[in-house]
Each structure stands twice: as C-alpha cells, then as structure tokens.
Amino acid sequence: MDDRNELTPASTPADLALTFELLNAVECNQLVLHYQPVIDLRSGVAESFEALVRWRHPRLGVLAPGDFLHLARSPGVARRITDWVLDRALAECADWRGQGRQAGVAVNIGPELLSDDWLVALLGRKLLAHRIEASALTIEVTEAGWPPDPRRAYAVLAVVRALGVRISLDDFGTGDSSLARLRRVEFDELKIDRSFVSGAAASDADREIVAFSSGLARALGMRVVAEGVEEEADLALITEMGLDAAQGFFLGRPEAVGVAGGI
Ligand code: G
Ligand code: MN
C-alpha cells in the first residue's frame, strides 16, 4: 500500500514548491502516461489499459503517482492534471481503436473532483473531441478521501454513468469503505486492492477477503477485477474463483504506449 491518502495537500514548504513545479510540468511536457493492461480472464486478452501518470522531473528523476499525486488533491491542481491525462489517454485509445484494437482505457479520478459538475463537462467535451464512444472509457474512483457530503458525489457519478462512461471502484477494501456507497452508486466494476490479491494464494485471510469482495460485487451486478497480481499462484486462485479480469506485474507492467498498444 502506498501512503498517498495520508498526505495532505502541500502541507510543507517543500510540498508547496513541488506543487508549483507540478503545475508547470503540465505545460512543460514533463508528464507522461504509461499504460498497464487489464486482462480478461476468460479470453486472456487485454480488455483495457489503465493510464498511469509519471513525472519526468528535471532534478528528481522519474516520479511515480504515489510520489506526487498527493499534491494534486487540491481541486485546482487535480483539474489541471486530470484534463491533461484524459486528453492524452483518449487520444491514445482512439489510436488503438482506429487500428482495429478494441481495448478501452481507464483513467484515475480523484474523489475531490466529485464535488461539482466540472468532471461531467470535461468528460462530455473530451469524448466528443476524440470521437470515442463513452463505453470505451472507465473512470476509476478510489475508495478513500471522498467529499464530506457524498450526496453530490453520488449525483455526479449518476450523470457520468448516464453519459455511458463506466465507473470502477478502485482500491476496494482499503479506504474509508462504506457499504452504503455500493447501494448509492451504480458501479460497473469493483477493483479489489492489491494488498489482498498479492499473496492471496498463501494467506487464508486474504483469500477469504478476495472471495467475500468478489461475491459481494457479483451479487450487486458488478464485474470484479483483481489488481496487484504478481505471481502465478495468485492468478490461478482468482481464475478459479471466477473473477472477471486481473491486472498486475505478472500480467503486464505499465509501459509507454507503443508497447502496451501492441502497435
Ligand atoms: O490503485 P491503482 O490501481 O490506481 O494503482 C496503480 C499503481 O499500482 C501504479 O502505480 C502501478 O505501477 C502499481 N501496480 C500495478 N500493478 C502492480 C503490482 O502487481 N504490484 C504492485 N506492488 N504495484 C502494482
Ligand atoms: Mn487505479
């Protein structure tokens, strides 16, 4: 587990400086997207690719999302980065599809963007601009850090879904999980957190948690995805359990586009 959810936005002078650099990074082409496949366990084919942002920082080297996305928890910064990520990811996805590869794309959306209708407007605009059918796009919303009044988030997600965009509940089991949320939002998919999946074959408790989460999601009509599959034994276990899809280093690492797209 990374600890990004424990960090508050720009709480130290160093963080504040880095936040300014991050805003600048968007303009200066220092952000890049890598794509990690989500494999359909029945067909063995990549059904979609999760777009993961990397920051090629001029002094600090390549930073992973966990190193800097806590800075993007203020809505201004989050909006700037999300606009860029969505634009790049949809452009790539349009490319794959134009070349006959029907995979979708998944983009992570911070829960701080669920407080108003900015996200809905952005999604509508970008889908039109890239001429992509909404169902090719999944937004992954992490469980932690939801706004204090979740009713607005529910309303925003209902409109997102009405657009036809798929919604995935990310990192399931680690955040401030509320089962009530599963009742209020029609998630298309539940992604079981890697902390339960990695090593599940060797841990009775993790195996039970994966089975329980999967059964719950299934009963509520969601697809079930395991993230963090790092070993063959874990893949065999979740395949046997009947999960729909899986993601993890054993199946494919995040890669720059040409490789992930197989083009
Ligand atoms: O929670 P979310 O799905 O957004 O997490 C994505 C992050 O998880 C990325 O930074 C990615 O590099 C990392 N990741 C992807 N697959 C694995 C894996 O099999 N093991 C571990 N430890 N991390 C992974
Ligand atoms: Mn994710």
Side-chain angles (χ1 to χ4, degrees), residues 1-7 31-39 41 46-57 61-73 78 81-82 85-86 89 93 104-114 137-146 157 165-177 187-203 206 210 213 217 222-239 243-257 259-260:
M1 264 308 293
D2 62 47
D3 59 358
R4 67 193 157 179
N5 297 321
E6 268 68 60
L7 297 168
L31 298 185
V32 286
L33 286 185
H34 283 190
Y35 296 85
Q36 186 178 30
V38 179
I39 307 292
L41 288 174
E47 59 180 31
S48 66
F49 290 86
E50 180 177 2
L52 296 162
V53 66
R54 299 273 183 277
W55 180 5
R56 288 206 214 102
H57 191 283
V62 178
L63 303 181
D67 299 329
F68 65 92
L69 278 188
H70 60 284
L71 303 171
R73 305 215 66 203
I81 293 176
T82 301
V85 168
L86 196 62
C93 183
V105 75
V107 167
N108 293 282
I109 298 292
E112 62 282 340
L113 294 177
L114 302 179
L137 174 65
T138 299
I139 62 164
E140 297 193 6
V141 184
T142 187
E143 247 191 352
W146 276 49
L157 289 173
V165 172
R166 302 179 70 251
I167 306 175
S168 175
L169 183 58
D170 204 1
D171 309 317
F172 183 75
T174 58
D176 45 355
S177 314
F187 293 104
D188 296 276
E189 175 184 289
L190 182 139
K191 250 178 139 172
I192 303 175
D193 189 73
R194 63 172 170 269
S195 58
F196 305 115
V197 174
S198 290
S203 155
D206 286 344
V210 172
S213 309
M222 294 177 236
R223 298 187 79 237
V224 195
V225 181
E227 64 173 23
V229 174
E230 295 180 354
E231 288 174 33
E232 195 164 8
D234 297 329
L235 179 62
L237 176 74
I238 58 166
T239 305
L243 270 70
D244 296 292
Q247 184 182 18
F249 294 162
F250 182 72
L251 294 161
R253 289 187 172 259
E255 307 271 10
V257 62
V259 184

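Counting starts at 1 for both ligands and their atoms, in listed order. Every heavy atom of this structure was used, including side-chain atoms; hydrogens, water molecules and symmetry mates were not. Quantities reported herein were computed from a predicted structural model and do not represent experimental measurements.
Residue-level proximity to ligand 1 for Arg253 is absent, since no heavy atom of it falls below 4.0 angstrom. Using a 4.0 Å cut-off between heavy atoms, Asp193 makes no contact with ligand 1 at all. Neither the backbone nor the side chain of Thr142 has a heavy atom within less than 4.0 Å of ligand 1.
Taking each of Asp234, Val197, Asp170 in turn, the one with a heavy atom nearest to atom 2 (P) of ligand 1 proves to be Asp170. Of all the listed residues (Glu227, Glu231, Gln36, Arg194), Arg194 holds the heavy atom that lies closest to atom 7 (C) of ligand 1.
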What's the verdict on side chain to side chain contact (heavy atoms under 4.5 Å, CB included) for Asp171 and Glu140, showing C-alpha distance, side-chain angles and the deciding distance? CA-CA 9 Å; Asp171 309 317; Glu140 297 193 6; over 6 Å; no

Quick one, Val197 with Leu237, criterion side chain to side chain contact (heavy atoms under 4.5 Å, CB included). Give me CA distance, side-chain angles, the key distance, then yes/no. CA-CA 10 Å; Val197 174; Leu237 176 74; over 6 Å; no

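Taking each heavy atom of Leu157 and Trp146 in turn, the nearest pair found is CD1-CH2, 3.6 Å. Across all their heavy atoms, Arg223 and Asp244 have their closest contact at CA-OD2, 3.3 Å. Looking at every heavy atom in both residues, Ala72 comes nearest to Ala78 through O-CB, 2.9 Å. Between Gln36 and Phe249, the closest heavy-atom pair is NE2-CD2, 3.9 Å. The two residues Glu143 and Thr174 come nearest to each other via the heavy atoms OE1-N, 3.3 Å. Nearest heavy-atom pair, Asp234 versus Gly199, reported as atom, atom and distance to 0.1 Å: OD2-N, 2.8 Å.
The ligand atoms of ligand 1 that sit less than 4.0 angstrom from a heavy atom of Asp171 are 1 (O), 2 (P). Within the listing of ligand 1, atoms 12 (O) sit less than 4.0 angstrom from a heavy atom of Pro254. Atoms of ligand 1 found under 4.0 Å from any heavy atom of Gly248, numbered from 1 in the order shown, are 16 (N), 19 (O). Within ligand 1, counting atoms from 1 as listed, the ones closer than 4.0 Å to a heavy atom of Leu52 are 6 (C), 9 (C), 11 (C).
For ligand 1, one of its N or O atoms has an N or O atom of Phe249 under 3.5 Å away. In terms of N/O distances under 3.5 Å, ligand 1 is not approached by Ser198. Backbone and side-chain nitrogen or oxygen atoms of Gln247 are examined, and none is located within less than 3.5 angstrom of a nitrogen or oxygen of ligand 1.
In this structure, the side chains of Pro65 and Arg54 come closer than 4.5 Å at one or more pairs of heavy atoms. Contact annotation: the side chain of Val53 never approaches that of Asn108 to less than 4.5 Å [non-hydrogen atoms, C-beta and beyond].
Around the Mn ion (ligand 2), the protein N, O or S atoms closer than 2.8 Å are Glu50 OE2, Asn108 OD1, Glu140 OE1, Asp170 OD2, listed by chain and residue number.
Between Gly228 and ligand 1 there is a heavy-atom distance shorter than 4.0 Å.
Legend: residues meeting ring-ring contact (aromatic ring centres under 6.0 Å, His included) with His57, ordered by chain and number and at least two apart, are Trp55.
Of the candidates Val225, Ile167, Leu169, Val38, Val225 is the only one forming a side-chain contact (heavy atoms from CB on, under 4.5 Å) with Glu189.
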